[in-house]
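Input: a single structure, listed below in structure tokens.
When a ligand or atom number is given, it counts from 1 through the structure's own listing order.
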Amino acid sequence: MEKTVTEAITYRRSCRVYKDELIDITKVKQCIENAVLAPTSSNLQLWEFYHVTNKDVIKKLAVACFDQNAAQTAQQLVVVLARKDLWRQRCKANIDFLNKAFDKPDLEDRLVKRKKMALNYYQKLMPFTYIEFLGIFGMLKFFAFQVVGLFRPIYRQARLSDMRIVAHKSAGLAAQNFMISMAAIGYDTCPMEGSDTLRVKRILDIPRSAEINMIISCGIRDDKGLYGPRFRVPFETVYKEI
Ligand SMILES: Cc1cc2nc3c(=O)[nH]c(=O)nc-3n(C[C@H](O)[C@H](O)[C@H](O)COP(=O)(O)O)c2cc1C
């Protein structure tokens with residue numbers, strides 16, 4: 001039986017040593033299917049997941065992960081990518097979806113309005129937000145928005161670096177969905193940013209424009225898999241009720 005959300009969240013720990021025991025590829029894939037249900041900025045879904053089950057490839061990736069135990073002993077790896085570069089395709093997918101979803105005769109006025117607004121968002125606002133040229137356009141937008149921001153609230157995250165953060169934020173949420181789903185079925189994970197991303201990209205033939213968000217090792221925790229008790233700073237130091 002699957003754990004409850006709280007049970008899964010509590011069970012999840014970063015596991016550094018896995019048992020030499022196979023885990024089910026289909027179950028891991030189902031957890032990746034849960035990952036893509038995570039919320040995502042503008043529903044652009046600027047992510048991709050490479051599910052590595054081939055032992056030889058895992059070995060090569062473990063070297064690129066600096067031979068960390070969490071990678072060396074992993075049964076499978078999931079590489080989470082931020083694909084900011086795919087914004088045009090994802091805008092088009094949203095536009096196609098909207099055209100289909102609202103393709104009804106005698107559409108109510110309020111739905112006609114909603115469709116128009118949503119199409120406008122993906123046809124005009126998103127291209128304006130994501131279009132870039134060497135970071136220059138983003139900088140120009142950023143400074144223009146700071147000026148407008150003197151007079152009214154405005155979205156300020158317009159630079160190239162801001163847009164990269166936007167894509168990584170959503171990818172991180174998907175990664176967490178994945179790890180909690182794995183925990184729910186008694187599988188363990190370890191998120192890793194400690195890797196030579198250039199080598200990882202070469203091994204997996206990942207396009208240059210894609211960015212590695214994190215690599216998640218997967219397996220079943222060994223008795224020595226957790227390096228210590230969980231540590232968190234006191235809750236009161238991070239919680240502010242206003
Ligand atoms: C983005 C990210 C990157 C991380 N990279 C590594 C890593 O490269 N190697 C590693 O052993 N743990 C890595 N961790 C795991 C953290 O060290 C771990 O989450 C933290 O110590 C808290 O422990 P817990 O996950 O067991 O609660 C990473 C965690 C996150 C969220």
Side-chain angles (χ1 to χ4, degrees), residues 3-20 23 28 31-32 34-41 46-52 57-84 161-204 206 210-239:
K3 295 178 180 57
T4 65
V5 175
T6 306
E7 282 166 354
I9 289 172
T10 311
Y11 179 81
R12 187 213 62 77
R13 290 294 315 279
S14 293
C15 175
R16 274 52 181 251
V17 187
Y18 299 97
K19 282 185 181 162
D20 189 14
I23 54 171
V28 176
C31 293
I32 300 176
N34 283 352
V36 304
L37 299 183
T40 164
S41 178
L46 298 174
W47 53 39
E48 259 178 0
F49 305 85
Y50 281 48
H51 182 184
V52 187
V57 181
I58 292 174
K59 257 189 207 155
K60 284 186 201 163
L61 286 173
V63 176
C65 290
F66 313 128
D67 284 323
Q68 297 189 48
N69 280 338
Q72 265 186 9
T73 64
Q75 291 296 322
Q76 295 173 31
L77 293 173
V78 173
V79 181
V80 181
L81 298 181
R83 295 297 312 259
K84 187 179 78 61
S161 54
D162 294 321
M163 301 321 293
R164 290 181 54 223
I165 291 171
V166 168
H168 279 278
K169 250 190 253 181
S170 295
L173 293 178
Q176 178 69 351
N177 256 20
F178 170 70
M179 291 188 283
I180 297 304
S181 302
M182 290 282 279
I185 56 171
Y187 282 179
D188 287 287
T189 53
C190 183
M192 294 178 289
E193 58 193 354
S195 71
D196 179 334
T197 52
L198 188 66
R199 284 194 160 75
V200 172
K201 279 186 179 183
R202 278 197 199 128
I203 294 165
L204 298 176
I206 289 170
E211 291 187 18
I212 290 168
N213 175 256
M214 64 181 91
I215 300 176
I216 304 175
S217 62
C218 311
I220 293 172
R221 67 179 69 166
D222 183 81
D223 295 340
K224 299 181 265 346
L226 306 186
Y227 281 177
R230 196 196 305 268
F231 164 68
R232 291 295 184 268
V233 295
F235 184 67
E236 297 68 40
T237 61
V238 296
Y239 174 77

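One option in R13, R16, R12 has a heavy atom closer to atom 21 (O) of ligand 1 than any other, and that option is R16.
What sits closest to atom 20 (C) of ligand 1 on the protein, heavy atoms only, is S14 OG, 4.6 Å. At the shortest separation from atom 5 (N) of ligand 1 among protein heavy atoms lies E193 N, 3.0 Å. The protein non-hydrogen atom at the shortest distance from atom 9 (N) of ligand 1 is Q68 OE1, 2.8 Å.
Relative to the ring axis of Y227, R13 does not place its NZ or CZ within 45° and under 6.0 Å from the centre.
No part of C65 comes within 4.0 Å of ligand 1, judged by heavy-atom distances. Within the 4.0 Å heavy-atom criterion, the part of R232 lying near ligand 1 is the side chain and not the backbone.
Every atom of ligand 1 is numbered from 1 in the order shown, and the set under 4.0 Å from a heavy atom of G194 is 8 (O).
When the options M163, E211, K84, M214 are evaluated for a side-chain contact (heavy atoms from CB on, under 4.5 Å) with H168, the one that passes is E211.
The environment of K201 atom NZ is dense: over 12 non-hydrogen atoms of other residues, nucleotides or ligands sit within 6.0 angstrom.
Under the 30°/60° scheme for interplanar angles, the aromatic rings of F235 and Y239 are found to lie parallel.
In terms of modelled atom types and a separation under 3.5 Å, the side chain of T189 and the main chain of C218 share no donor-acceptor contact.
Remark: D162 CG to K169 NZ distance equals 9.0 Å, nearest 0.5 Å.
Using a 4.0 Å heavy-atom cutoff, P191 is listed among the residues neighbouring ligand 1.
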